[in-house]
Every structure is written in structure tokens, then in C-alpha cells.
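Here's the structure, in C-alpha cells; my notes come after.
When a ligand or atom number is given, it counts from 1 through the structure's own listing order. Atom set for the values below is all heavy atoms of this structure, side chains included, hydrogens, waters and symmetry mates excluded.
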Amino acid sequence: MTNEEQPTTNNILSATGLSKSFGGLRAVNEAKIYVKKGTITGLIGPNGAGKTTLFNLLSNFIRPDKGEVIFDGEPIHHLQPYQIALQGCVRTFQVARALSRLTVLENMLLATQKQTGENFIQLWFQRGQVRQEERENKERAMEILESVGLAAKAQDYAGALSGGQRKLLEMARALMTRPKLILLDEPAAGVNPTLIGQICEHIMNWNKQGISFLIIEHNMDVIMSLCNHVWVLAEGTNLADGTPEEIQTNPEVLEAYLGE
Ligand SMILES: Nc1ncnc2c1ncn2[C@@H]1O[C@H](COP(=O)(O)OP(=O)(O)O)[C@@H](O)[C@H]1O
Ligand SMILES: [Mg+2]
């Protein structure tokens with residue numbers, strides 16, 4: 001029993017029929033998910049349900065065996081992950097991927113890929129423009145770091161940050177490319193309660209500024225307080241979807257979690 005959202009132009013993301021096997025294991029099996037524009041949508045399910053794999057399929061870090069992904073009205077399943085990010089769909093990782101031997105600021109600047117400076121000829125002829133772009137990126141990076149309370153750490157190595165701060169840095173870095181949708185894989189995992197509260201507030205603020213979110217999270221308080229709509233995955237397939245209240249009282253969902 002689901003009251004799934006139908007694929008409409010109101011969706012920033014619509015994925016249907018997604019499947020991926022690893023050897024004999026069907027990690028994701030004919031799964032679908034819709035994220036309405038402007039919402040914070042949750043994706044939950046027991047450990048090993050296929051949630052991270054589904055993220056990998058949505059962002060094409062892993063190529064699906066089959067399925068279709070529409071982002072902001074355009075098919076994206078044939079694009080490279082960096083191209084998908086440039087279209088406005090960025091993701092973070094369950095284990096934060098900050099480069100520990102770069103500074104916090106350098107990590108932020110790495111996110112701005114489509115720089116003129118990457119092409120040598122352009123670099124030669126357009127030095128003024130490159131410098132201007134670098135200045136703007138740096139300003140934007142510092143503004144975002146300021147907003148998440150990491151500005152004072154800009155020159156520190158990312159490796160010196162706490163686990164929670166590294167999660168914040170990942171989210172801050174995702175914002176550099178002015179995304180329309182951010183996919184967060186367990187933003188609260190391994191983070192202390194105070195910082196979890198701050199992370200939730202940042203997510204709500206960014207959402208008010210127009211960014212949609214799809215969030216995998218085990219912390220049900222986070223899911224319940226943030227999400228407009230929740231999808232449940234179990235053993236690679238859709239189990240249910242609905243409002244947080246509907247999901248919380250769904251007997252099938254409760255049963256799926258009992259074996260954990
Ligand atoms: N690269 C991989 N190779 C082989 N098996 C994998 C790979 N990634 C995930 N799996 C398996 O697929 C299943 C789903 O994993 P995952 O998507 O990480 O689940 P979740 O994020 O919901 O905990 C698990 O059984 C996991 O062991
Ligand atoms: Mg996972």
C-alpha cells in the first residue's frame with residue numbers, strides 16, 4: 001500500500017524502474033522514487049536495504065542495469081556524475097569525502113569544476129577573467145563557510161575537523177555549485193546531538209532558499225522533523241511512501257525494521 005506521488009512536472013527528480021545487481025545480489029530491484037520540487041524528502045529502510053546504492057544510481061556513480069532518472073525535466077542517466085552535479089543535482093557521501101590534506105577552503109574551491117582556468121589556452125588568453133572567477137568563488141566559499149560556522153577553520157586542514165564538522169563541510173561544498181537538489185547520505189550519522197540540531201537548521205534554511213533535498217537517515221527524529229514525504233526501501237524494493245506520520249504507524253514498515 002503506497003500513496004506514491006505520480007511523475008509530474010512538479011517533481012525535481014523522478015526515477016523509475018531502477019535495478020542493480022552485484023553478482024547474484026539484487027541490491028536495488030525495480031525501485032522508484034519521486035522528489036517534489038521544494039520539498040525535503042526522506043529515504044529510509046533497514047541496513048542493507050539498498051539506499052546508498054539507489055543514491056549511486058540516481059547520480060550515476062554506479063551505472064544502473066536498467067531504469068530511468070529524470071532531473072528537472074531532463075533525462076540524466078546517460079550523464080557523468082560531474083555533469084549531473086553541474087545540472088544542479090549534487091550528493092554527499094555516507095562517509096564524508098573531504099580531502100584531509102587540503103585546507104577547508106581548498107576543499108570548497110574544488111567543488112567549482114567548470115572553471116575557465118582548467119583549459120590551458122583559455123587560461124593564457126583570459127587571465128583576467130580567471131582571476132575574477134577565482135575571486136568570486138573564494139568570496140562565495142567564505143560566505144557559505146561563514147553561514148555554517150566554519151569560517152574560522154578555512155585555513156585548517158580538513159583532516160583536523162571533527163566527524164560532524166566534516167559532514168558540514170561536505171554540505172557546504174555541495175552548495176558551491178548552486179544546486180537545485182542535494183542528496184544527503186546519512187547527514188546525522190556519527191554526529192553529536194548539538195551538531196545534529198545545527199545541521200537540521202541549516203537544511204531547513206537552505207530549503208527555504210529554494211533547494212530541494214533527498215535525505216537518507218537512520219535517525220528518525222531527523223526524518224520526522226525535516227521531511228514532507230518519506231520513501232521506504234526494504235530488500236532493494238519500495239515498501240511504502242507517505243507523510244512521516246503515515247510511515248511511522250505503517251505496520252509493514254515497523255515489521256521491516258524489527259529484524260534489525
Ligand atoms: N559495490 C558493491 N558490491 C557488492 N555489493 C554491494 C556493493 N554496494 C552495496 N552492496 C550490497 O548491496 C546491498 C545494499 O547496500 P547499500 O545500498 O549500501 O544499503 P543501505 O545503504 O540501505 O544500508 C547490501 O547487501 C550491500 O552489501
Ligand atoms: Mg547506506
Salt bridge (charged side-chain N to carboxylate O under 4.0 Å, His left out) between Glu30 and Lys66, intermediate numbers included: CA-CA 8 Å; Glu30 291 286 338; Lys66 63 181 285 289; 2.6 Å; yes
Regarding Asn60 and His77, do their side chains bring together a donor and an acceptor under 3.5 Å, going by distance alone?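 Judged by distance alone, the side chains do not pair up.
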Polar side chain donor-acceptor pair, Arg140 to Asn137, under 3.5 angstrom: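 On atom types as modelled, these side chains do not qualify, holding no pair under 3.5 Å.
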Considering both backbone and side-chain atoms of Ala49, is one of its nitrogen or oxygen atoms within less than 3.5 Å of a nitrogen or oxygen in ligand 1?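 Yes - when backbone and side-chain N and O of Ala49 are compared with those of ligand 1, one distance drops under 3.5 Å.
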Test of proximity, Phe22 against ligand 1: N or O pairs below 3.5 Å: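 For ligand 1, there is no N or O atom that lies under 3.5 Å from one belonging to Phe22.
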Tell me which protein heavy atom sits closest to [atom], plus the residue, atom name and distance to 0.1 Å.
{"atom": "atom 19 (O) of ligand 1", "value": "Gly50 N, 3.2 Å"}
{"atom": "atom 18 (O) of ligand 1", "value": "Thr52 CB, 3.8 Å"}
{"atom": "atom 14 (C) of ligand 1", "value": "Gly48 O, 3.4 Å"}
{"atom": "atom 16 (P) of ligand 1", "value": "Thr53 OG1, 3.7 Å"}

Taking 2.8 Å as the cut-off, does an N/O/S atom of Thr52 lie below it from the Mg ion (ligand 2)?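 Yes, Thr52 qualifies, because one of its backbone or side-chain N, O or S atoms lies under 2.8 Å.
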Side-chain heavy atoms nearer than 4.5 Å, only ILVMFWY residues, links allowed to pass through others: does that put [X] and [Y] together?
{"X": "Met142", "Y": "Val148", "answer": "yes"}
{"X": "Leu168", "Y": "Tyr157", "answer": "no"}
{"X": "Leu195", "Y": "Leu145", "answer": "yes"}

Please verify the inter-ring angle class for Phe213 with Trp206; under 30° counts as parallel, over 60° as perpendicular, anything in between as tilted.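 Parallel: the ring planes of Phe213 and Trp206 meet at under 30°.
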Distance under 4.0 Å to a non-hydrogen atom of Leu25: what atoms of ligand 1 satisfy this?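 Per the distance check, 11 (C), 12 (O), 13 (C), 25 (O).
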Taking 4.0 angstrom as the limit and counting only heavy atoms of Asn47, give me the atoms of ligand 1 inside it, by number and element.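 This gives 23 (O) as the contact atoms.
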Answer yes or no for atom 27 (O) of ligand 1: protein heavy atom present at a distance under 4.0 Å?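 No, because not a single protein heavy atom sits under 4.0 Å from atom 27 (O) of ligand 1.
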